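Some notes on the structure that comes next.
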There are 2 protein chains.
Amino acid sequence: MAEIKSGANPLFLREEELRQGLELLFYAYRDFNAEPDAILARHKFGRAHHRVIYFVGRHPSITVGRLLSILGITKQSLSRVLRQLIDQGLITQRPGPTDRRQRLLELTSKGIEMERQLSEKQRVRIARAYREAGAEAVEGFRKVLLGLTRQEMPSKFQPPGRLDR
Amino acid sequence: MAEIKSGANPLFLREEELRQGLELLFYAYRDFNAEPDAILARHKFGRAHHRVIYFVGRHPSITVGRLLSILGITKQSLSRVLRQLIDQGLITQRPGPTDRRQRLLELTSKGIEMERQLSEKQRVRIARAYREAGAEAVEGFRKVLLGLTRQEMPSKFQPPGRLDR
DNA sequence: ACGCTATGTCAGCCGCGTTGACATATATGA
DNA sequence: TCATATATGTCAACGCGGCTGACATAGCGT
């Protein structure tokens, strides 16, 4: 704690600093999702669909089980949106080559197109923020965010909860 | 687009870099809310309650209207959680001194205690991440996050949507 | 042959967004 | 003063996407 207050930073300033970080994260996350939400709404989809599309695009041939553990939701929740995405022709399934119980998921060309539309908005936004902030700042951004992510609760006591609010 | 590829960064690397930023933000936001969620659950509250408690604590004597515009939700949504918080004795209302139509909101001592419990988890988490990353990185973190936040859509076309997932 | 695993589905619950309609108290301007 | 506008609250109904619990089926592995 002693080594933290670099310079003339009394404790009650640190407090304010931390709160500011809190809010920054809150607003950034919120604004960051506004544009994709608008696109999704036109297709009668929600953020849950977005996440599934995103991760299937990111990890082609992913199994349902692996996707479940990435998303941290129940199979019942996943299957609702997955079913819609398959029915609408954005995602296909095929049996796993070695373990045929598995259903390997892929984006169709239509799914890829959708993925591109959605993430483009966010990539443009991040790209702008990165460019304006500079390479140095980007490195700091990543470092801090990584630090926020690691070290979870005992992992059995994580309340799953909604990912999108 | 031409001015973006600063230095020897081919485009397909930038793309990957941006995606990484996306995911970092996603996971950080998610992990960041896991601990408060557990506390809230014990009190039969949710993230909506957390946000209200937080902003009332941050802006004592805030009006309902101002709170609504910060949260970006409808009064019907707010009133549900606000009613619970008032009934449970975490928040009080009093008429505005100059405009008596207003209801100025305050945390009670019980509310303050709750606020402290909730945000403490997050402050510790941020503090650790800041400490590990260093002052320089923190500055970058803030810069980028701020860049992500500014410049919205025309503001009438923002789909409100859930704040908590 | 048996049990375990991967997946899917049905049913019902809950939190917290939404829209629309309507009520009340107070402020404010013609 | 009276009319209108504003600040707030409430009722009703809907939608999304989490959840639990139960049960089904196919395929893996011993």
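Since the model is a prediction, treat every value here as computed from it, not as a measurement. Throughout, protein chains are lettered first and strands after them, A, B, ... in sequence-line order, and every chain is numbered starting at 1. The basis for the numbers below is simple: all heavy atoms, side chains too, and nothing from hydrogens, waters or symmetry mates.
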Legend entry - Angle by which the axis turns from one end of the helix from dA1(C)-dT30(D) to dA30(C)-dT1(D) to the other, five pairs per end, to 10 degrees: 20°

Taking the side chain from [X] and the backbone from [Y], do they hold a donor-acceptor pair closer than 3.5 Å?
{"X": "Glu106(B)", "Y": "Gln93(B)", "result": "no"}
{"X": "Arg42(B)", "Y": "Asp37(B)", "result": "no"}
{"X": "Ser77(A)", "Y": "Ile73(A)", "result": "no"}

Inset, instruction - Would you check if there is a donor-acceptor pair between the side chains of Glu17(A) and Tyr130(B) at a distance under 3.5 Å? - result: no

Legend entry - Any side-chain donor near an acceptor of the partner, Ser109(B) and Glu113(B), under 3.5 Å: no

Legend entry - Check: Phe26(B) ring centroid to Phe55(A) ring centroid under 6.0 Å: yes

Legend entry - Listed partners of Arg80(B) passing salt bridge (charged side-chain N to carboxylate O under 4.0 Å, His left out), at least two apart: none

Legend entry - Member of Leu82(B), Leu85(B), Leu90(B) meeting the side chain to side chain contact (heavy atoms under 4.5 Å, CB included) criterion with His49(B): Leu85(B)

Flag the pair [X] / [Y] as yes when at least one side-chain heavy-atom distance between them is below 4.5 Å, and no otherwise.
{"X": "Lys44(A)", "Y": "Gln84(A)", "value": "no"}
{"X": "Glu120(A)", "Y": "Glu35(A)", "value": "no"}
{"X": "Arg94(B)", "Y": "Arg103(B)", "value": "no"}

According to a strict under-4.0 Å criterion, is [X] in side-chain N/O contact with OP1 or OP2 of [N]?
{"X": "Thr74(A)", "N": "dG18(D)", "answer": "no"}
{"X": "His49(A)", "N": "dC16(D)", "answer": "no"}
{"X": "Ser77(B)", "N": "dT18(C)", "answer": "yes"}
{"X": "Ser79(A)", "N": "dG8(C)", "answer": "no"}
{"X": "Arg83(B)", "N": "dT10(D)", "answer": "yes"}

Output the rounded distance in Å from [atom1] ([X]) to [atom2] ([N]).
{"X": "Lys44(B)", "N": "dC13(C)", "atom1": "NZ", "atom2": "P", "result": "15 Å"}
{"X": "Asp37(B)", "N": "dC19(D)", "atom1": "CG", "atom2": "C1'", "result": "14 Å"}
{"X": "Ile73(A)", "N": "dT7(C)", "atom1": "CD1", "atom2": "P", "result": "14 Å"}
{"X": "Leu78(A)", "N": "dC16(D)", "atom1": "CG", "atom2": "P", "result": "17 Å"}
{"X": "Leu67(B)", "N": "dT8(D)", "atom1": "CG", "atom2": "C1'", "result": "13 Å"}

Could you grab the distance from atom [atom1] of [X] to atom [atom2] of [Y], nearest 0.5 Å is fine?
{"X": "Leu25(A)", "Y": "Ile126(B)", "atom1": "CG", "atom2": "CD1", "answer": "6.5 Å"}
{"X": "Arg58(B)", "Y": "Ser119(B)", "atom1": "CZ", "atom2": "OG", "answer": "10.0 Å"}
{"X": "Gln117(A)", "Y": "Ile53(A)", "atom1": "CD", "atom2": "CD1", "answer": "10.0 Å"}
{"X": "Phe45(A)", "Y": "Gln88(A)", "atom1": "CZ", "atom2": "CD", "answer": "4.5 Å"}
{"X": "Lys121(B)", "Y": "Asn33(B)", "atom1": "NZ", "atom2": "CG", "answer": "14.0 Å"}

Inset, instruction - Check Ser61(A) against Leu104(A) and note the closest heavy-atom contact, atom names and distance. - result: O-CD2, 3.6 Å

What protein N or O atoms touch nucleotides 21-23 of chain D N or O atoms at under 3.5 angstrom, if any, and at what distances?
residue : atom : partner  : partner atom : Å
dG21(D) : N7   : Gln76(A) : NE2          : 3.4
dG21(D) : O6   : Gln76(A) : NE2          : 2.9

Would you list the protein and nucleotides 2-4 of chain D atom pairs, both N or O, that sit under 3.5 Å from each other?
none

Inset, instruction - Would you mind telling me which residue lines up with the more 5' stretch of DNA chain D, Gly46(A) or Leu82(B), judged by nearest nucleotide? - result: Leu82(B)

Inset, instruction - Return the residues of residues 84-103 of chain A meeting this criterion: a heavy atom under 4.0 Å from some atom of DNA chain C. Order them by number, or give none. - result: Gln93(A), Arg101(A), Gln102(A), Arg103(A)

Legend entry - Quiz item: Arg80(A) side-chain donor-acceptor pair to dG18(D) base, under 3.5 Å: yes

Legend entry - Residues from residues 52-64 of chain B lying under 4.0 Å of DNA chain D - heavy atoms: Thr63(B), Val64(B)

